[in-house]
Amino acid sequence: MLIAMNDYFRRELQRRQLKLTPPRRLVFEALQNGGPLTMSELIRRTQPAVDRASVYRTVARFEQIEILHHLIVGGRKVIELTERFTGHHHHLSCVRCGQLQDVHDEPLEAALQRLADTHGFDAHNHVIEVSGVCRACATQAAA
Ligand SMILES: [Zn+2]
Ligand SMILES: [Zn+2]
Ligand SMILES: [Zn+2]
């Protein structure tokens with residue numbers, strides 16, 4: 001799965017005649033391993049190998065070629081790989097620790113499709129975010 005994702009990333013750069021430079025590789029890997037990250041988290045995770053300006057530049061370029069996108073989750077602007085890499089999913093957002101968890105759920109998607117169909121609606125997109133307290137924070141509070 002991870003190898004396939006990397007292959008796709010490399011092919012995508014090649015297709016655009018972009019070199020796989022260390023900043024590009026490290027920014028991609030940080031997002032691949034870390035899920036949605038704020039810009040400052042991304043900068044922290046790629047330091048000291050990549051300087052701040054290179055992170056901004058790489059993010060802008062990757063956004064242009066749809067390798068990543070910006071979204072608002074838990075009231076914060078975060079950066080995440082596009083669904084071409086992650087697959088369609090939604091987020092659980094913890095109000096205590098700020099952790100964002102990716103969730104894929106087929107029955108949910110089917111229910112939304114049925115909802116649209118019922119209303120004769122040609123649905124293109126939907127945004128769902130569940131906020132609350134994650135398992136780790138709930139366990140900590142109970143202890
Ligand atoms: Zn939490
Ligand atoms: Zn996500
Ligand atoms: Zn969905």
Side-chain angles (χ1 to χ4, degrees), residues 1-16 18 20-47 49-143:
M1 173 71 188
L2 288 183
I3 289 163
M5 201 193 274
N6 277 319
D7 282 350
Y8 182 55
F9 171 62
R10 279 161 209 268
R11 274 208 309 273
E12 196 58 21
L13 290 185
Q14 263 170 18
R15 198 163 74 79
R16 314 266 181 175
L18 295 173
L20 180 59
T21 59
R24 286 175 185 155
R25 185 171 56 77
L26 291 166
V27 165
F28 180 81
E29 284 175 359
L31 289 168
Q32 185 181 29
N33 299 327
L37 299 174
T38 62
M39 185 61 97
S40 53
E41 284 166 344
L42 183 57
I43 288 167
R44 192 156 38 78
R45 287 182 191 219
T46 51
Q47 265 174 357
V50 189
D51 65 62
R52 168 183 285 263
S54 300
V55 175
Y56 275 96
R57 236 189 347 262
T58 303
V59 165
R61 176 49 70 87
F62 279 3
E63 189 178 16
Q64 269 172 8
I65 64 174
E66 292 171 12
I67 282 176
L68 57 77
H69 62 146
H70 293 270
L71 62 162
I72 307 279
V73 195
R76 288 179 302 159
K77 192 173 180 192
V78 294
I79 299 163
E80 184 172 50
L81 295 177
T82 57
E83 290 188 349
R84 297 191 296 166
F85 295 95
T86 61
H88 179 75
H89 66 280
H90 298 285
H91 297 102
L92 305 180
S93 156
C94 179
V95 296
R96 299 241 173 96
C97 68
Q99 196 213 47
L100 303 176
Q101 194 181 332
D102 285 359
V103 285
H104 299 75
D105 191 275
E106 284 308 321
L108 172 66
E109 302 305 329
L112 289 167
Q113 187 58 54
R114 185 176 43 74
L115 177 76
D117 291 347
T118 301
H119 296 275
F121 191 80
D122 178 19
H124 293 172
N125 192 24
H126 55 257
V127 178
I128 296 170
E129 178 189 335
V130 181
S131 68
V133 179
C134 75
R135 187 179 287 150
C137 289
T139 310
Q140 221 169 35

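Numbering of ligands and ligand atoms starts at 1, following listing order. These figures come from a predicted structure and were not determined experimentally.
- Atoms of the protein (N, O or S only) found under 2.8 Å from the Zn ion (ligand 3) are His88 NE2, His90 NE2, Glu109 OE1, Glu109 OE2, His126 NE2.
- Glu29 has a carboxylate O that lies under 4.0 Å from a charged side-chain N of Arg25, or vice versa, which qualifies the two as a salt bridge.
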Hey, mind stepping through Gln101 and Arg135 against side-chain contact (heavy atoms from CB on, under 4.5 Å) and telling me if it holds? CA-CA 11 Å; Gln101 194 181 332; Arg135 187 179 287 150; over 6 Å; no
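- No side-chain heavy atom of Thr58 sits under 4.5 Å from any side-chain heavy atom of Val50.
- The Zn ion (ligand 2) is the vertex of the angle joining NE2 of His91 and OD1 of Asp102, which measures 100° to the nearest 10°.
- In Glu80, the N, O or S atom that comes nearest to the Zn ion (ligand 2) is OE2.
- Residues that satisfy the ring-ring contact (aromatic ring centres under 6.0 Å, His included) test with His88, not counting sequence neighbours, are His90, His126.
- Considering only residues two or more places apart in sequence or on other chains, Phe28 meets the ring-ring contact (aromatic ring centres under 6.0 Å, His included) condition with Phe9, Phe85.
- Rounded to 10°, the angle formed at the Zn ion (ligand 1) by Cys134 SG and Cys137 SG is 100°.
- Considering only residues two or more places apart in sequence or on other chains, His89 meets the ring-ring contact (aromatic ring centres under 6.0 Å, His included) condition with His91, His104.
- Within the 4.5 Å cutoff, side-chain heavy atoms of Leu71 are placed close to those of His69.
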